[in-house]
Amino acid sequence: MKMIAGRRAALTQESALKDTTTMAGSVYDDAVRAVRAGELTADEAVNQLIDLMTDGEILGLLDGDSPRLLLPLIPILLDRVPFVAGAVARLGIPGIRFSDGGRGVVIGASTAFPVTIARAATWDPSLEERVGIAIGVETRARGANYSASVCVNLLRHPGWGRAQACYGVPAQGRRSVFPCRLGPD
């Protein structure tokens, strides 16, 4: 209860803060422009953004963005829109727009690929690169910027829930890293 009361107080404090958008856009947009122009390093820009965040906003990044009542609806919502986490609207930080699915993008009408472990059985890295590029393009086209379609963890137990989404146990001496790109920002 104490944590909830503290979070509510922090949210009230945040709403009282002045708007941090500028004429050119948000503080986040300004930081991105400064990094791209070489005026700031990425670390400097991140530190400046963190300095502008309230304690409540920082804590909000640590505990997730899903209201408890929304959690049962996540499986239904995941096929319609990206799941957003880590957004800080006051600063214009867009957060991560997540798509999940062991067979590719699960938002809207997207391609259903064979699961990762089946594709790995082809031992064809060029095929996996083409699938990875297609997943990246479809992920972006659906409004997401992070995809958990491919799991690069080693399979340690066949009963693991994400077993089909990983490449399995790599053969000794064989390269097992297959690329999956989301493309440039």
Side-chain angles (χ1 to χ4, degrees), residues 3-71 73-101 104-111 129-152 165 177-185:
M3 178 69 152
I4 293 170
R7 187 147 187 209
R8 280 192 195 128
L11 292 173
T12 303
Q13 171 196 1
E14 288 169 20
S15 63
L17 293 174
K18 70 176 197 166
D19 188 12
T20 57
T21 56
T22 64
M23 294 303 284
S26 69
V27 174
Y28 172 80
D29 292 333
D30 293 343
V32 169
R33 274 191 290 280
V35 169
R36 288 182 176 162
E39 299 164 6
L40 291 173
T41 67
D43 285 343
E44 291 168 338
V46 167
N47 287 332
Q48 286 181 7
L49 288 169
I50 290 171
D51 288 345
L52 293 172
M53 293 172 73
T54 66
D55 290 344
E57 288 167 336
I58 292 170
L59 289 172
L61 295 176
L62 298 175
D63 74 353
D65 295 342
S66 302
R68 198 173 286 174
L69 296 174
L70 179 65
L71 293 177
L73 300 174
I74 289 174
I76 297 166
L77 296 175
L78 272 178
D79 68 344
R80 290 177 174 77
V81 295
F83 189 78
V84 179
V88 180
R90 184 178 67 84
L91 299 176
I93 299 172
I96 295 170
R97 297 175 309 280
F98 174 75
S99 169
D100 193 10
V105 182
V106 295
I107 302 169
S110 300
T111 307
E129 182 174 11
R130 293 191 309 272
V131 169
I133 290 168
I135 289 172
V137 168
E138 288 186 2
T139 298
R140 288 290 192 165
R142 300 286 178 221
N145 62 5
Y146 177 78
S147 174
S149 297
V150 176
C151 181
V152 296
V177 177
F178 294 100
C180 179
R181 298 182 280 209
L182 290 181
D185 252 351

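One-based numbering along the sequence shown.
Here CG of L59 is found 8.5 Å from OG1 of T54. Values are rounded to the nearest 0.5 Å. We find the CZ-OG distance between F83 and S99 to be 12.5 Å, quoted to the nearest 0.5 Å.
Checked against side chain to side chain contact (heavy atoms under 4.5 Å, CB included), V88 has the following partners two or more places apart in sequence or in another chain: M53, E57, L61, L91, I93.
When all heavy atoms of L49 and V27 are compared, the pair lying nearest together is CD2-CG1, 3.6 Å. A pairwise comparison of heavy atoms in T139 and S147 identifies OG1-CB, 3.7 Å as the closest pair. Between P82 and R97, the shortest heavy-atom distance links the atoms CB-CB, 3.8 Å. P94 approaches V84 most closely through the heavy-atom pair O-CG1, 3.9 Å. The two residues Y146 and I96 make their nearest non-hydrogen contact at CB-CG2, 3.4 Å.
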For this session: Verify side-chain contact (heavy atoms from CB on, under 4.5 Å) between T111 and V105, making sure each step is shown before the conclusion.
Result: CA-CA 7 Å; T111 307; V105 182; over 6 Å; no
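Using modelled atom types, one finds a donor on one side chain and an acceptor on the other under 3.5 Å when comparing R142 with S110.
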